[in-house]
Number of protein chains: 2
Amino acid sequence: MTDGPRERLLRSSIALVRAHGVEGTGLTELLEHSGTARRSIYQHFPGGKDELIAASTRAAGSWMKRVLQDVGGQGDVAAAVTLVITEVARNLEAEDFALGCPIAAAAFADSLPVRAAAAEAFHSWADELSAALVAEGREVADAESLARFIVAAVEGALMVARSARSTQPLYDAARQVGVLLGAGG
Amino acid sequence: MTDGPRERLLRSSIALVRAHGVEGTGLTELLEHSGTARRSIYQHFPGGKDELIAASTRAAGSWMKRVLQDVGGQGDVAAAVTLVITEVARNLEAEDFALGCPIAAAAFADSLPVRAAAAEAFHSWADELSAALVAEGREVADAESLARFIVAAVEGALMVARSARSTQPLYDAARQVGVLLGAGG
DNA sequence: TCTACTGTAGACCAATCGATCTACCCGCGC
DNA sequence: GCGCGGGTAGATCGATTGGTCTACAGTAGA
């Protein structure tokens with residue numbers, strides 16, 4: 001509990017949105033989960049729930065971007081993508097398919113700023129992946145299109161996998177993305 | 001207004017879930033949108049909101065399955081997939097990125113039965129697509145994996161496209177799926 | 001010491017949530 | 001005529017929603 005209320009709010013917000021979605025996450029539940037006073041929400045996020053969710057979406061997005069940098073920093077992009085997908089599959093199963101991607105959940109929020117924060121996260125991931133593909137010798141335009149597609153496809157596979165309570169869609173994605181990366185790289 | 005309250009409830013439910021998600025759709029809003037008495041909900045769907053949403057998810061899923069049968073019934077699978085994606089992109093833009101896929105929204109619901117209904121819809125679409133791929137001469141296992149992936153990838157692209165208020169992710173998907181369908185077919 | 005700020009605790013607000021209820025209207029079959 | 005069931009209209013329920021409020025503890029700086 002060394003973290004301040006702001007960090008606890010962000011972390012709890014991500015966890016609860018992963019489980020219940022944006023509209024399904026209530027402030028009362030968030031308060032008891034984070035052990036935070038109600039007032040602290042509006043002290044750190046004057047815009048209320050929307051601003052808190054948007055901030056936690058950005059936090060989760062940049063955390064994942066850092067993961068992508070670490071995993072794909074050196075060498076084989078195809079191997080890095082496969083690694084990330086299998087790790088996602090492992091986590092999904094370990095959590096009994098109860099938790100999804102917080103960015104995807106934010107992408108379905110009612111609030112436009114929250115959806116925009118999700119879009120920004122997707123975009124930053126694709127940028128990261130695209131740069132790695134260019135470093136492997138791909139044409140820039142090809143790399144950008146392929147990178148955007150891989151991000152969207154993996155997110156879609158995760159969504160289908162969670163609803164079906166099966167990791168197979170993720171392994172399908174790993175396989176087909178592997179074909180795409182093998183074909184032109 | 002020739003339709004009975006059950007049909008109106010299903011149709012309004014689909015429309016509102018596309019816009020606000022499952023948890024974001026309130027029964028009061030649903031009632032005034034459908035012009036239906038509150039009692040009619042529990043007459044046709046004794047399980048309440050959850051049962052109504054699950055039923056509307058199944059209805060939307062089988063409607064889309066029928067569309068896939070019509071579009072892909074004869075001939076070129078790649079052309080059919082491209083056609084569906086471009087139509088989705090056109091609709092998304094025409095609706096100013098306000099409406100998403102009702103099945104995808106259901107896939108993020110809190111309720112397990114609702115998520116299962118979404119998974120069933122995804123599965124039925126993939127079955128349809130897989131059969132068309134087999135008819136083109138693909139191996140069954142390849143066709144099934146590829147079909148599941150295409151469904152997930154297009155759904156992911158639609159999700160990213162709506163959040164980014166851009167049709168580009170959908171056109172990226174059309175392009176890359178075209179590569180996959182051209183590679184092995 | 002006094003002040004100012006952060007944080008906690010919790011009462012409180014109007015509004016809305018999903019759900020249940022009664023009352024009444026209407027059309028169909030007996 | 002009579003009863004029955006589907007449909008509408010709307011009051012009402014307890015619970016919960018996001019948000020605002022006051023009161024108070026602790027701590028750092030003037």
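Please read all numbers here as calculations on a predicted model, not as lab measurements. Naming convention: chains lettered A, B, ... in sequence-line order (proteins, then strands); numbering from 1 in each chain.
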Student: What is the distance from NE2 of B:His20 to P of C:dC17, rounded to the nearest Å?
Tutor: 11 Å
Student: C:dT20 P sits how many Å from B:Leu27 CG, rounded?
Tutor: 11 Å
Student: For B:Ile53 and C:dC17, give me the distance from atom CD1 to atom P, rounded to whole Å.
Tutor: 13 Å
Student: Is it true that B:Asp3 and B:Arg11 have a side-chain N and a carboxylate O under 4.0 angstrom from each other?
Tutor: yes
Student: Separation of B:His44 atom NE2 from D:dG6 atom P, in whole Å?
Tutor: 8 Å
Student: For C:dT8 and A:Ser40 - does any side-chain N or O of the residue sit under 4.0 Å from the phosphate oxygens OP1/OP2?
Tutor: yes
Student: Are A:Tyr171 and A:Leu158 connected, step by step, through hydrophobic side chains (Ile, Leu, Val, Met, Phe, Trp, Tyr) whose heavy atoms are closer than 4.5 Å?
Tutor: no
Student: Decide side-chain hydrogen bond (donor to acceptor under 3.5 Å, both in side chains) for A:His20 and B:Glu23; before the verdict, give the C-alpha distance in whole Å, the side-chain angles of both, and the deciding distance to 0.1 Å.
Tutor: CA-CA 9 Å; A:His20 310 301; B:Glu23 272 71 32; over 6 Å; no
Student: With no hydrogens and no angle check, is any side-chain donor or acceptor of B:Ser145 less than 3.5 Å from a backbone partner on B:Asp142?
Tutor: no
Student: Could you state the CD-C1' distance from B:Glu32 to D:dA9, rounded to the nearest angstrom?
Tutor: 14 Å
Student: Before you tell me yes or no, could you show the steps for A:Leu133 and A:Val140 under side chain to side chain contact (heavy atoms under 4.5 Å, CB included), namely the whole-Å CA-CA distance, both residues' side-chain angles and the distance that decides it to 0.1 Å?
Tutor: CA-CA 8 Å; A:Leu133 288 172; A:Val140 172; over 6 Å; no
Student: Rounding to an integer number of Å, can you tell me how far A:Lys49 NZ sits from D:dT17 P?
Tutor: 9 Å
Student: Taking the side chain of B:Ala37 as its heavy atoms from C-beta onward, which of C:dA19, D:dG18, D:dA9 lies nearest to it?
Tutor: D:dA9
Student: Rounded to the nearest angstrom, tell me the gap between atom CD in B:Gln43 and atom P in C:dT22.
Tutor: 14 Å
Student: Specify the residue among A:Arg39 and A:Gly26 whose closest nucleotide of DNA chain D lies further upstream toward the 5′ end.
Tutor: A:Gly26
Student: So, is A:Thr28 close to the D:dT17 phosphate, meaning a side-chain N or O under 4.0 Å from OP1 or OP2?
Tutor: yes
Student: Between C:dG18, C:dA23, D:dT20, spot the one nearest the side chain of A:Tyr42, thanks.
Tutor: D:dT20
Student: In whole Å, I'd like the distance from the CD1 atom of A:Ile41 to the P atom of D:dG18.
Tutor: 9 Å
Student: Which nucleotide sits closest to the side chain of B:Arg38: C:dG18, D:dG7, D:dT20?
Tutor: C:dG18
